[in-house]
Number of protein chains: 2
Amino acid sequence: MFSIGQLSSKVGVKVPTIRYYESIGLIDPPHRSEGNQRRYEPEVLDRLTFIRHARDLGLSIDAIKDLLILNANPDMPCDEAHLIANQHLKDLARKITQLQQLSLELTRITQNCDSDTVGHCKVLEALGDHSTCKSDH
Amino acid sequence: MFSIGQLSSKVGVKVPTIRYYESIGLIDPPHRSEGNQRRYEPEVLDRLTFIRHARDLGLSIDAIKDLLILNANPDMPCDEAHLIANQHLKDLARKITQLQQLSLELTRITQNCDSDTVGHCKVLEALGDHSTCKSDH
DNA sequence: TGTAATTGCTCTAGTGACTAGAGGTTCAAG
DNA sequence: CTTGAACCTCTAGTCACTAGAGCAATTACA
């Protein structure tokens, strides 16, 4: 039996976040002590670790809910789990490409300025004028 | 003189977003028509273009506020503008690296499974067990 | 000039995934 | 038995918008 603080430090999820997860139905409400404090059974460790890990990997709470349902039904085909993971991989790839473009753009902008004062600063000029941009963000 | 809809289509910023920008003090409240509708002078085009471009590049509203103040004072040194841009470049680089690691991790996880059912699905196993991970996300 | 369609107005609430704070209660150690 | 840390609930705030309700003004066309 753990208190919420012990659970928090074991799993690496903050105390208010654990209560938040309970409030949105991601984890079940645990039993309470006589003084109304949460007391967790060891099983919750696995579930919370799963959640934390999936969140670290950038999966949304909704996606995690789906995966948790799958996880609870060992006889179901796991295609859907792969589908969710692959969908997320696609999202990641798109985000990475976009950020790389922006990074290039910003590098180009900053390297272009040799002025001292704002009046002729190329960074500020470039921000005010979209036409000099290479990509179509 | 533009209506808010005309301004919106000229600059590519949605109408509610323009009103939102006004509400947080990013753009000045414009004059109104007799019927209380917003009427914009042409000057706002530049400012809103600046804002839109900076937002597209991922800068925060707070950073943009700073840049707009700089922009209005052509005699100030532009070091600060470069500082903001460079800070943002660092953030971008960090984010990109992190996403790439996650992408690798997720790829490794998904390629590792040749099961049909959830019971032995490596994707779900890996999500439940952090210890198999290469990076320390 | 009449009318219908479009565009505009304000206000409130919702999004995602938490985080912060107030004001109070319970628990564990000494 | 006391002290201080950890716990409780509840509300509100974060960021940068977005959605919707209910109504008013403007514009285009006949």
Side-chain angles (χ1 to χ4, degrees), chain A residues 1-27 29-40 44 47-48 50-68 84 87-88 91-92 95 98-99 102 137, chain B residues 1-27 29-40 44 47-48 50-68 88 91-92 95 98-99 102 137:
Chain A
M1 296 282 264
F2 311 123
S3 71
I4 196 169
Q6 290 169 327
L7 180 62
S8 167
S9 58
K10 269 179 208 293
V11 184
V13 175
K14 287 183 194 159
V15 168
T17 304
I18 296 174
R19 287 197 277 251
Y20 167 71
Y21 285 165
E22 183 184 323
S23 80
I24 60 169
L26 204 54
I27 57 175
H31 298 295
R32 299 290 183 122
S33 71
E34 286 192 12
N36 197 36
Q37 298 194 354
R38 289 170 179 81
R39 291 296 175 259
Y40 293 94
V44 79
R47 191 176 177 92
L48 207 47
F50 186 101
I51 293 168
R52 201 219 129 175
H53 200 172
R55 283 295 300 137
D56 281 350
L57 289 167
L59 290 157
S60 73
I61 298 271
D62 273 354
I64 294 172
K65 274 187 185 169
D66 291 345
L67 288 173
L68 283 166
I84 291 171
Q87 180 56 52
H88 188 59
D91 288 352
L92 276 179
K95 262 185 209 157
Q98 205 182 357
L99 287 183
L102 296 183
H137 47 256
Chain B
M1 297 283 266
F2 310 123
S3 70
I4 196 169
Q6 290 169 326
L7 181 61
S8 168
S9 59
K10 268 178 209 291
V11 183
V13 175
K14 287 182 192 158
V15 168
T17 304
I18 296 174
R19 287 197 276 251
Y20 168 71
Y21 284 164
E22 183 185 322
S23 81
I24 60 169
L26 205 55
I27 57 176
H31 297 295
R32 298 291 182 119
S33 73
E34 284 192 15
N36 198 34
Q37 299 195 351
R38 289 171 179 81
R39 291 294 176 263
Y40 293 93
V44 81
R47 191 178 178 91
L48 208 48
F50 186 102
I51 294 168
R52 202 220 128 176
H53 200 174
R55 284 293 303 137
D56 281 350
L57 288 167
L59 290 158
S60 73
I61 298 271
D62 272 355
I64 294 173
K65 275 186 184 171
D66 291 345
L67 288 173
L68 282 167
H88 188 59
D91 288 353
L92 276 178
K95 261 186 210 156
Q98 205 182 357
L99 288 182
L102 297 183
H137 49 255

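The chains referred to below are lettered A, B, ... by the order of the sequence lines, with proteins before strands, and numbering in each begins at 1. Keep in mind that the numbers below use all heavy atoms, side chains included, and drop hydrogens, waters and symmetry copies.
- The separation between A:M1 atom CE and C:dA28 atom P is 11 Å, rounded to whole Å.
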Polar atom pairs (N or O), protein with nucleotides 1-3 of chain D, under 3.5 Å:
none

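- For the side chain to side chain donor-acceptor pair (under 3.5 Å) test, no residue two or more places apart in sequence or in another chain qualifies with B:D66.
- Atoms CD1 and CG, on A:I51 and A:L26 in that order, are 3.5 Å from each other to the nearest 0.5 Å.
- Remark: B:S33 is in phosphate contact with D:dT26, judged by side-chain N or O atoms under 4.0 Å from OP1 or OP2.
- Across the interface with DNA chain D, nearest-nucleotide mapping of B:E34 and B:R55 shows B:R55 to be the residue nearer the 5′ end.
- Scored by the side-chain contact (heavy atoms from CB on, under 4.5 Å) test, A:S33 finds A:Q37, A:R39 as partners (sequence neighbours excluded).
- For the segment residues 6-16 of chain A, the set of residues with a heavy atom within less than 4.0 Å of an atom of DNA chain D is empty.
- A:I24 places its CD1 atom 13 Å from the C1' atom of C:dT15, with the value rounded to the nearest Å.
- Using a 4.0 Å cut-off, some side-chain N or O of B:Y21 falls inside it from OP1 or OP2 of D:dC17.
- Between the CG atom of A:L48 and the P atom of C:dC18 there is a distance of 11 Å, rounded to whole Å.
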Grab the N/O contacts between the protein and nucleotides 20-23 of chain D below 3.5 Å, and write none if there aren't any.
none

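- Evaluation of the salt bridge (charged side-chain N to carboxylate O under 4.0 Å, His left out) rule for B:R55 yields no partner, not counting sequence neighbours.
- Residue A:I4 is in sugar-phosphate contact alone, with no base atom involved, counting any heavy-atom pair closer than 4.0 Å across all strands shown.
- Separating the CD atom of A:E22 from the C1' atom of D:dC7 is a distance of 13 Å, rounded to the nearest angstrom.
- Contact annotation: B:S3 side-chain N/O to C:dG8 OP1/OP2 distance is under 4.0 Å.
- We find that CD1 of B:I18 is positioned 13 Å from C1' of C:dT7, with the value rounded to whole Å.
- In the helix from C:dT1-D:dA30 to C:dG30-D:dC1, the rotation axis of the first five pairs and that of the last five pairs differ in direction by 0°, rounded to 10 degrees.
- At least one side-chain heavy atom of A:E22 sits less than 4.5 Å from a side-chain heavy atom of A:P30.
- Nearest nucleotide to the side chain of B:Q37, out of D:dA16, D:dC8, C:dT7: C:dT7.
- Here A:Y21 contributes atom OH and A:L48 contributes atom CG; the two are 7.5 Å apart, rounded to the nearest 0.5 Å.
- One can place CG of A:L26 at 13 Å from C1' of C:dC18, the figure rounded to the nearest angstrom.
- A:R47 is linked by a side chain to side chain donor-acceptor pair (under 3.5 Å) to nothing, counting only residues two or more places apart in sequence or in another chain.
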Show the distances under 3.5 angstrom between N or O atoms of the protein and N or O atoms of nucleotides 9-13 of chain D.
from: D:dT9; atom 1: OP1; to: A:R32; atom 2: NH1; distance (Å): 3.2
from: D:dT9; atom 1: OP1; to: A:R32; atom 2: NH2; distance (Å): 3.1
from: D:dT9; atom 1: OP2; to: A:R38; atom 2: NH1; distance (Å): 3.0
from: D:dT9; atom 1: OP2; to: A:R38; atom 2: NH2; distance (Å): 3.0

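- For A:R39, taking side-chain heavy atoms from C-beta onward, the closest of the listed nucleotides C:dC27, D:dT18, C:dA17 is C:dC27.
- Listed pair B:T17 / D:dT18 meets the phosphate criterion, a side-chain N or O lying under 4.0 Å from OP1 or OP2.
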Donor-acceptor pairs are to be reported for all side-chain atoms of residues 6-20 of chain B against protein atoms at under 3.5 Å, with residues two or more places apart or in another chain.
from: B:Q6; atom 1: OE1; to: B:S3; atom 2: N; distance (Å): 2.8
from: B:S8; atom 1: OG; to: B:V13; atom 2: O; distance (Å): 2.7
from: B:S9; atom 1: OG; to: B:G5; atom 2: O; distance (Å): 3.4
from: B:S9; atom 1: OG; to: B:Q6; atom 2: O; distance (Å): 3.1

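- Considering CG of A:L59 and CD1 of A:I84, their distance stands at 8.0 Å, rounded to 0.5 Å.
- If you measure from atom CZ of A:F2 to atom C1' of D:dA6, you get 17 Å, rounded to the nearest angstrom.
- At whole-Å resolution of the value, CD1 in A:I27 and P in C:dC18 are 12 Å apart.
- Between A:L67 atom CG and A:D62 atom CG the span is 11.0 Å, to the nearest 0.5 Å.
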